[in-house]
Amino acid sequence: ARVLYVAGRDKMFPPFMDALGKVHPKTQAPVAALILQASWGTLLLIPGNFNKLVSFFGFASWTFYGVTILALLKLRRSRPEIPRAYGVHGYPVTPIIVIMVSFALALNALLESPVECTLAALFILLGVPAYFFSKWSRRNYSVLGIGDEERAGVEMHIRDGDDMAGETAVA
């Protein structure tokens with residue numbers, strides 16, 4: 001639920017999902033994110049085949065582990081001036097081994113369960129249009145009828161044809 005909460009808090013979802021970024025005032029728990037994750041997990045268990053579920057998520061997880069470490073290697077090479085919060089023993093050999101093992105395990109999952117892994121890959125690729133929809137809906141919040149108050153005031157001036165004569169667009 002942490003990923004859903006942080007994505008909601010950072011406005012990575014369309015505006016109608018802003019509740020995912022809120023915490024309960026008393027317990028400070030991300031209740032909406034927890035409910036969504038529990039509901040999604042329950043729905044995934046309905047078909048009843050736990051092995052298929054493990055294959056689906058195993059492929060996705062190992063693929064993302066490999067891609068994440070690959071991105072870290074690229075970042076360390078392209079942006080050496082960024083301070084590092086941690087060191088890696090045996091760099092760059094250790095991360096390269098992790099990448100190779102991650103992709104080997106993802107490939108093994110693909111060979112053992114091609115249908116589930118293909119579905120996982122398609123599900124991951126659904127994130128691309130979802131990302132662009134989220135970006136679009138944040139920019140075009142008026143289409144959905146909701147949005148941040150300060151941006152709503154700016155949008156109203158623009159819609160009414162008032163270019164605000166070069167003034168800063170703050171409501």
Indicate if Val115 and Phe123 have the same hydrophobic cluster label, given that clusters are the connected sets of ILVMFWY residues with side-chain heavy-atom separations under 4.5 angstrom. yes
Atom pair CG/CG of Leu20 and Asp10 - distance to nearest 0.5 Å: 12.0 Å
Is it possible for you to say whether Leu125 and Trp62 belong to one hydrophobic cluster, with membership spreading through side-chain heavy-atom contacts below 4.5 Å? no
Between Ala33 and Tyr5, what is the shortest heavy-atom contact and its length? CB-N, 3.9 Å
Calculate, to the nearest 0.5 Å, the distance between atoms CZ and CG belonging to Phe59 and Leu111 respectively. 10.0 Å
Applying a strict under-4.5 Å side-chain criterion to I, L, V, M, F, W and Y, I'd like to know whether Tyr91 and Leu72 cluster together. yes
Are Met17 and Phe133 linked, directly or through other ILVMFWY residues, by side chains that come within less than 4.5 angstrom of each other? yes
Would you name the heavy atoms of Ala32 and Ala19 that are closest together and state the gap between them? CB-O, 3.5 Å
Assess the residue pair Phe103 and Val67 against the criterion (side chain to side chain contact (heavy atoms under 4.5 Å, CB included)); give the C-alpha distance rounded to whole Å, side-chain angles, the decisive distance to 0.1 Å, and a yes or no. CA-CA 9 Å; Phe103 289 136; Val67 169; 4.1 Å; yes
Give me the atom names and distance for the closest heavy-atom approach of Ala1 to Leu34. CB-CD2, 3.4 Å
Measure the CD1-CG distance between Ile82 and Leu75 for me, rounded to the nearest 0.5 Å. 4.5 Å
Closest contact, heavy atoms only, Ser55 versus Ser113: OG-OG, 3.1 Å
Given Ile97, which partner from the list Thr94, Ile99, Val93 fulfils the side-chain contact (heavy atoms from CB on, under 4.5 Å) test? Val93
Would you mind reporting whether Tyr65 and Val101 have side-chain heavy atoms less than 4.5 Å apart? no
Shortest non-hydrogen contact from Ala106 to Thr63? CB-OG1, 3.5 Å
Name the residue from Val88, Leu73, Ile69, Thr68 that meets the side-chain contact (heavy atoms from CB on, under 4.5 Å) definition with Val98. Ile69
Write down the atom of Arg84, the atom of Pro80, and the distance for their closest heavy-atom approach. NH2-CA, 3.8 Å
Give a yes or no on whether Tyr131 atom OH has more than 12 heavy-atom contacts from other residues, nucleotides or ligands under 6.0 Å away. no
So how far is it from Phe56 CZ to Ser61 OG, rounded to the nearest 0.5 Å? 10.0 Å
Kindly compute the distance separating CZ (Arg2) from CD (Gln37), expressed to the nearest 0.5 Å. 10.0 Å
Given the rule that I, L, V, M, F, W and Y join up when any side-chain heavy atoms are under 4.5 Å apart, are Leu107 and Met100 in one cluster? no
